[in-house]
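The structure appears right after this line, and notes come after that.
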Amino acid sequence: MREIFAGLPWWVKWIAVPVIALVVFGGLIASVLGFVIGLLFKLLVLVALVGGLIYVVRKFTSSSSSRGDW
């Protein structure tokens, strides 16, 4: 493989081959990237919801314990 690329001009190695690879695998790369970004967004929403739940539970439990027993 190295011998094949050794005889080619620089623009074939650095421009044409990556462009062809992007055209062939562009849809796959885009779908993987979309999946990863979607997963990170869902993880961020999960962390925010759990943090909000913990905040609300602590706020209500601290205010109910400060009121004293019924």
Side-chain angles (χ1 to χ4, degrees):
M1 192 68 156
R2 194 169 289 206
E3 295 86 20
I4 294 171
F5 279 110
L8 296 174
W10 68 270
W11 60 270
V12 172
K13 289 188 263 189
W14 297 106
I15 296 174
V17 172
V19 166
I20 292 171
L22 280 175
V23 168
V24 171
F25 295 108
L28 178 67
I29 293 170
S31 64
V32 168
L33 213 60
F35 175 74
V36 169
I37 290 172
L39 195 64
L40 287 175
F41 178 73
K42 288 178 183 178
L43 185 66
L44 182 66
V45 169
L46 175 70
V47 168
L49 288 173
V50 169
L53 179 67
I54 290 171
Y55 174 76
V56 168
V57 167
R58 284 189 178 176
K59 188 160 181 82
F60 277 117
T61 55
S62 68
S63 66
S64 66
S65 64
S66 65
R67 283 186 285 168
D69 293 331
W70 294 17

Distance check, rounded to the nearest 0.5 Å: [X] atom [atom1] versus [Y] atom [atom2]?
| X | Y | atom1 | atom2 | answer |
| --- | --- | --- | --- | --- |
| Leu46 | Leu39 | CG | CG | 10.5 Å |
| Lys42 | Ile37 | NZ | CD1 | 13.0 Å |
| Leu44 | Leu49 | CG | CG | 9.5 Å |

Test of understanding: clusters of I, L, V, M, F, W, Y form through side-chain heavy atoms closer than 4.5 Å, transitively. Do [X] and [Y] belong to the same one?
| X | Y | answer |
| --- | --- | --- |
| Val57 | Phe60 | no |
| Ile29 | Val24 | yes |
| Ile20 | Ile4 | no |
| Phe25 | Val19 | no |
| Leu53 | Val47 | no |

Taking it one step at a time, do Trp10 and Ile15 satisfy side chain to side chain contact (heavy atoms under 4.5 Å, CB included)?
CA-CA 8 Å; Trp10 68 270; Ile15 296 174; 4.0 Å; yes
